[in-house]
Amino acid sequence: MRFGFAVDRIDERIPGIDLPLMSVSQTRGVIRRSELTDKPHRADSLDVYKVCRRDDIVFNKMSIRSGAMGVAKEDGLVTYHYEVMRPREWVDSRFIAYLMKSHWFTGELIKRERGIGAGGQGNVRTTEVPFSVLKTIDSWIPDADGQRAIADFLDQETAQIDALVAKQLEFIGLLRERHMAEIGAGVEAELPNSRLRRHVKTIRQGWSPNAEPFPADGVTEWGILKVGCSTGGKFRPEENKKLPSEVAPRHEHVVKLGEIVMSRSNSRELVGSAAVVHQDHPRLMLSDLNYGLMVADSLDPNFAVYALMTRRARAELASRAKGTSPSMQKLAQRDVLDFPLWVPTIDEQRAITDHLDAQTHRIDTLIAKAEEHIALAKERRAALITAAVTGQFDVRTARKAG
């Protein structure tokens, strides 16, 4: 039947009503906004906000493709960015939520997207699927007993998968703690005895695509290193963002072999993260979001990166960064150069680096395997939901067989 036969669009606004402000999370569904952020809402008055009731379906019509939807567990208020749908008496809201999160339904949405870059294009910026379009999707919706059976089955199966994923994430967290502890023990054996500036030959800031009249999407099309590295010391060259073959790179901005790349402008968690360039990237340019540091023979660049990865270093760099919001902090060159670190002899540095390379490689391998298990579990979860809500198998038979 048409999807619109199962739900009604609700646009209820009650000035002065005292209800919590709600948000929609891709992973947690419809929850109180206060659980996601402590930032004040922008509206002067909540009178224009929509009312959602318990068991209503709420989704962000601008982000529905990515699964930003869920079932309201309590009455609340939502902004105009959200659509509110109320299942009819014979419809189980849980079934509708699973249906809308299925790969099949997402495919139908992509066909109907409206906005800049719709239809699966790579440069999607703003897309929208209004209810007037959503309601036309032909869907398989069984009777009330069938919906309830499917929802009960998926509640049980997805809960088990989610529990396994949670255990893997906990394991990864423990491994990362061990990773940090190994590095701290290796490069913080003594108190700092030097400053980074004593060992830096050159420091440069990358190039901004906005500085010259290139296309607005220059960061994507011109082979610029927008995100330099992770807090785990991994260089992220973003090799899918290469220069067109007919365009020559700006050699003065190309990343250099042996150079330390540092994120100079990023979130509080990532600002100051660094990595060494271990291979040539002749068509990849350093962006203005990064610094490039070439160090003297007195400092091994890999040792320096390990020193910048410790908890103390992360806290030190975050405290030096300045910005109007936690999502965008900036480090000045002087703050980078004034960073205190322990610098033993070059032979000791290389010995410590070799030891840490071996130790962290083993940990990184375990993390990679855990992340692979998580990815497979999520794929199974998605496939199970799609198969169940499209009637590819009888959940009652599956439950008996299980």
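Worth knowing before you read on, the calculation uses all heavy atoms, side chains too, and leaves out hydrogens, waters and symmetry mates.
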Rounded to the nearest 0.5 Å, what separation is found between the [atom1] atom of [X] and the [atom2] atom of [Y]?
X	Y	atom1	atom2	result
D300	D354	CG	CG	8.5 Å
D335	R264	CG	CZ	11.5 Å
D138	E108	CG	CD	8.0 Å

Side-chain donor-acceptor pair present, S298, H199, cut-off under 3.5 Å: yes
Would you mind checking if [Y] and [X] are paired as a salt bridge, meaning a charged N to carboxylate O distance below 4.0 Å?
X	Y	answer
R381	D162	yes
E182	R362	no
E371	R176	yes
E259	R204	yes
R53	E12	yes

Stepwise ring-ring contact (aromatic ring centres under 6.0 Å, His included) test for F153 and F95: CA-CA 10 Å; F153 171 80; F95 174 84; over 10 Å; no
Qualifying residue for side chain to side chain contact (heavy atoms under 4.5 Å, CB included) with V389, from I96, L154, L384: L154
M309, H355, H179, R178 screened by side chain to side chain contact (heavy atoms under 4.5 Å, CB included) with T360, the one that passes: H179
Which atom of V58 lies closest to which atom of V84, heavy atoms considered: CG2-CG2, 4.5 Å
Minimum-distance pair of heavy atoms, taken over all atoms of L77 and Y49: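 L77 and Y49 have their closest heavy atoms at CB-CB, 4.1 Å.
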